[in-house]
Structures are given as C-alpha cells and as structure tokens.
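The shown structure was predicted, so the numbers you read here are calculated from the model rather than taken from an experiment.
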Amino acid sequence: MAGKINFNSITLCDLKFAKNVKGYDAYQVDVALDRVIDDYHFYENFYKEAKDYIAKLESDVKKLRDETRKKDIEIARINKRIEGIKDKTNVSSENIDLLQRINALEKALYAKGIDPTKIR
C-alpha cells in the first residue's frame, strides 16, 4: 500500500488559512480538504486490508487449533496403546517378544492389503 499520510491530529489542528474579504481563501481551504480526503482514502484502504488480513489470520488460527486438537487426540490414543511398554519397571524380554510378534502380524496384514492402524 503506497501512500503518504498528509495530516496527523496536531498538523490538522494547526492548519491556518489566509483571510480574504469573504472569509478564508477558498483555494487554500479546497487544497487542505483535498489532502484530508486523500488521507481518508488511505485510511479506508488500510482498514479494509487490515480487516481482510485479520480475518485470514483468524481462519488460519482456527485451522491450526483444529489440527492441534486432532493431533492431541491421536497422541492420547497412541499413549494409551503403549502404556505397558512405557513403564520401565515392567520391561522384560517378554515385552520384546510381544513387540516382535505384533510387528510380524502387522507385516502380514499389510501384505494382505489391510491397514492395521484402522482396526479398532
């Protein structure tokens, strides 16, 4: 967004116009009002772009929150599946044998075209 702001609150308050017979110099007032209008156009465009950008960011945040919830559910499910393995006090050669058997069974299921992660 290219543009320059002509006035801020201080410069706008400090505007002075030359006086003539009928009041203020109309040309000076028109030029100042044109610059104020330019500022309004700039602010309107900036507001619209900022509003669109905020809406996009909010949408992205919602998607990321949904993905995080799904991942948290998946992590909880996996943690529940490996509870017995994770406990270091119960580690034994039997656990390793069970893991080897599970691995062999999963390979057999994959060979038959069945995804063991989809089985409940």
Side-chain angles (χ1 to χ4, degrees):
M1 166 174 294
K4 182 181 172 196
I5 299 171
N6 296 305
F7 298 109
N8 60 33
S9 60
I10 295 169
T11 57
L12 194 57
C13 284
D14 290 344
L15 276 178
K16 302 283 186 236
F17 301 106
K19 293 182 181 181
N20 68 14
V21 178
K22 295 183 180 180
Y24 292 108
D25 182 7
Y27 178 74
Q28 285 182 342
V29 173
D30 286 345
V31 168
L33 287 174
D34 287 342
R35 292 174 64 199
V36 168
I37 289 169
D38 289 342
D39 282 354
Y40 266 88
H41 286 292
F42 177 82
Y43 288 127
E44 287 170 351
N45 289 335
F46 181 80
Y47 176 77
K48 182 186 178 306
E49 288 179 12
K51 189 176 171 184
D52 293 344
Y53 184 66
I54 289 170
K56 181 192 175 302
L57 289 177
E58 287 174 344
S59 172
D60 291 348
V61 166
K62 183 183 181 308
K63 287 178 189 173
L64 290 172
R65 281 187 181 140
D66 290 344
E67 286 178 22
T68 302
R69 281 189 203 107
K70 289 177 185 175
K71 296 295 182 189
D72 287 344
I73 291 169
E74 185 177 341
I75 288 170
R77 187 176 51 86
I78 290 170
N79 283 339
K80 187 169 177 107
R81 286 180 68 187
I82 61 171
E83 267 178 9
I85 299 169
K86 197 166 72 170
D87 186 10
K88 292 182 180 178
T89 60
N90 293 334
V91 174
S92 67
S93 61
E94 184 179 321
N95 287 356
I96 295 171
D97 292 338
L98 290 172
L99 287 173
Q100 289 173 342
R101 287 181 61 201
I102 290 170
N103 188 31
L105 291 170
E106 285 181 341
K107 284 181 183 178
L109 286 171
Y110 276 120
K112 292 186 178 193
I114 300 170
D115 186 1
T117 60
K118 305 294 183 199
I119 296 174
R120 293 195 182 242

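Between Asp52 and Lys48 a salt bridge is recorded (basic side-chain N to carboxylate O distance below 4.0 Å). A salt bridge links Asp60 with Lys56: at least one charged nitrogen is closer than 4.0 Å to a carboxylate oxygen. Taking 4.0 Å as the cut-off between side-chain N and carboxylate O, Asp66 and Lys63 do not count as a salt-bridged pair.
Here the shortest heavy-atom pairing between Phe17 and Val29 reads CE2-CA, 3.7 Å. Between Pro116 and Tyr110, the closest heavy-atom pair is CD-CZ, 3.4 Å.
By the 4.5 Å heavy-atom criterion applied to side chains, Leu64 and Lys62 are not counted as neighbours. At a threshold of 4.5 Å between non-hydrogen side-chain atoms, the residues Val61 and Glu58 do not count as touching. Looking at Glu74 and Arg77, their side chains come closer than 4.5 Å, going by heavy atoms from C-beta outward.
Between the side chains of Thr11 and Asn8, at least one donor N or O lies within less than 3.5 Å of an accepting N or O. For the 3.5 Å distance criterion, the side chains of Asn6 and Asp39 qualify, holding a donor opposite an acceptor.
Distance check, rounded to the nearest 0.5 Å: CD of Glu44 to CD1 of Ile37 gives 10.5 Å. Rounding to the nearest 0.5 Å places CG of Asp72 at 10.5 Å from CG of Asn79. For the atom pair Leu98 CG and Asn103 CG, the distance stands at 12.5 Å (nearest 0.5 Å). Interatomic distance, Lys4 NZ to Asp38 CG, rounded to the nearest 0.5 Å: 12.0 Å.
The hydrophobic cluster containing Phe46 does not contain Val36, counting ILVMFWY residues as joined when their side-chain heavy atoms lie under 4.5 angstrom apart, directly or transitively. A continuous path of Ile, Leu, Val, Met, Phe, Trp and Tyr side chains, each step under 4.5 Å between heavy atoms, connects Leu12 with Leu33, placing both in one hydrophobic cluster. Tyr47 and Tyr40 sit in two unconnected hydrophobic clusters of ILVMFWY residues. Membership requires side-chain heavy atoms under 4.5 Å apart, directly or through other members.
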Under the criterion side chain to side chain contact (heavy atoms under 4.5 Å, CB included), I'd like the reasoning laid out for Leu109 against Lys107: C-alpha separation, chi angles, the key distance, then a yes or no.
CA-CA 5 Å; Leu109 286 171; Lys107 284 181 183 178; over 6 Å; no
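For Ile78, the CD1 atom sits in a packed shell: over 12 heavy atoms of surrounding residues, nucleotides or ligands are nearer than 6.0 Å.
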